[in-house]
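Each remark here refers to the structure printed beneath this line.
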Amino acid sequence: MAQPRGQFSSKIGFLLAAAGSAVGLGNIWGFPTQAASNGGGAFLVVYLFLAFILAYPALMAELTIGRYARANVITALEGLSSNSSARRAGQFVGIAAVAVAVFILSFYAIVAGWMLAEFFSPLAAKLKATNVELWLDDTSFTRNALVCGLMSILTAAIIARGVEKGIEAWSTRLMPLLFAILLGLIVYVLIQPGAMSGLAAYLIPAPSQLLNPQLILSALGQAFFSLSLGVGTMLIYGSYLRDTDNLPRMGVSVTLLDTGFAFTAGLLILPAIYVADARGIAVFSEAGHLIAGPDLIFQVLPALFDSMGSTGSWVAIAFFALMSIAALTSAISLLEVPVSVCVERWQITRPTAACLSGGLIFLISLIIVWHFETLFNAVITATTVYGQPLLGIALCVFAGWVLHRHQLLKELSQGHPEIEHTLFWKVWPFYVRFVCPALIILTFLQSLR
Ligand code: PHE
């Protein structure tokens, strides 16, 4: 028997859930380090520009399709037209989106698990459980499998509870906590010697970098990943919005929250790197580049925390709690993509669907951990460099070409009766039809050269 569809109970509930999905490791780790290695303030300027000019219209495409169809990504795209080839194309794109969401979650849960391990390790040290601490610090297969399993169980447990009691309730609890921890850490780091050079490196743009194609491409990829686009997460969250909610305004708020959070995270990470530098910790590679990849999070920052004495271990606990929470609220949105398909297309109950999908994704994570060298980066590249932008184009095409103008207008005017007279309506439909797909293709082709 069909189960009643969930719905967000309030605007703020939706905003915190969508921001929870958007704000993740991509904001706290990806954005600041990309900014650091790509011209500092120049990256920030380009990123903000692309987030509003390209990612926001694409986000609107997903939210609108979702609320119009009120269904999971496959059923939604399939049902936009009665034409049989459009239906088949919709089904194909929907299945691809679910697959990409599943694979993103499979690597995301591994990284999120590392964050949990780093969170528990200083706690174990405080409790003088030296064996546990050593085990948590050692990157063994068993440790990686266990912490990833723990993250997967937390994610599935929240999703099993449904939209209002699971996604909304937990995002509403965790997002303010996340912001409070971030602000506390920023204040602490900014008063350390060296922090100001970090701020300068982050905020002063190198104008010569502004038109660098590599920088533009990285900023676009970052904007798409950060706003959780192309895999149906925003589509499914949009499908749980009430008819009375104003979609363009919700979209702007989510984009502002996401970019605002990324910007604020930069105020923590960049100064922290320079504080580490001032304390004699190596933060530049031999070639003179800033250490930005996993080594930054798992070596440079822990070395910095160690050098801060007993306060340092509390700072470490707070920092990795920040990372784990950010990862968890994004992971739940990724798991909701396959779970909504199981519930709506195969009438599986939500708790069973959460266990089955979560279990399957955990198995994929285990395979990745097992063949880490060959699989980890390959899965990240396949899903985020190719999958997300290509699916992003497809979703814009569905919103712009398959849905008719009058259907779009009807959907958007539900929460905003005057929409026809707004700048948004004058620009967006044209934009999502032509400009977004063309610009995404262009940047994508650039990346293949
Ligand atoms: N937006 C998340 C982040 O910044 C990652 C994510 C991508 C979540 C795609 C859902 C879908 O970390």
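Both ligands and their constituent atoms are indexed starting at 1 by order of listing. What you are looking at is a predicted structure, and each value in this text was computed from that prediction instead of being measured.
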Determine whether the side chain, the backbone, both or neither of [X] has a heavy atom under 4.0 Å from any heavy atom of ligand 1.
{"X": "Ser228", "result": "both"}
{"X": "Ser333", "result": "side chain"}
{"X": "Tyr108", "result": "side chain"}
{"X": "Leu229", "result": "neither"}

Number the atoms of ligand 1 from 1 as they appear, then name those within less than 4.0 Å of a heavy atom of [X], with their elements.
{"X": "Ala22", "result": "1 (N), 2 (C), 3 (C), 4 (O)"}
{"X": "Val231", "result": "11 (C)"}
{"X": "Asn27", "result": "4 (O)"}
{"X": "Gln388", "result": "9 (C)"}

How about Glu118 and Met323: do any of their side-chain heavy atoms sit closer than 4.5 Å?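 Side-chain contact under 4.5 Å: no.
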
Pair Glu78 + Arg345: basic N to acidic O under 4.0 Å: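 Salt bridge flag = yes for Arg345 with Glu78.
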
Tell me if the aromatic rings of [X] and [Y] count as close, with their centers under 6.0 Å from one another.
{"X": "Phe434", "Y": "Phe430", "answer": "yes"}
{"X": "Tyr56", "Y": "Trp428", "answer": "no"}
{"X": "Phe319", "Y": "Phe305", "answer": "yes"}
{"X": "Phe263", "Y": "Tyr47", "answer": "no"}
{"X": "Phe119", "Y": "Phe320", "answer": "no"}

Do any N/O atoms on Ser330 end up under 3.5 angstrom from N/O atoms on ligand 1?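 For ligand 1, there is no N or O atom that lies under 3.5 Å from one belonging to Ser330.
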
For atom 7 (C) of ligand 1, what is the closest protein heavy atom, and at what distance to 0.1 Å?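 Scanning the protein heavy atoms, the shortest distance from atom 7 (C) of ligand 1 goes to Phe225 O, 3.5 Å.
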
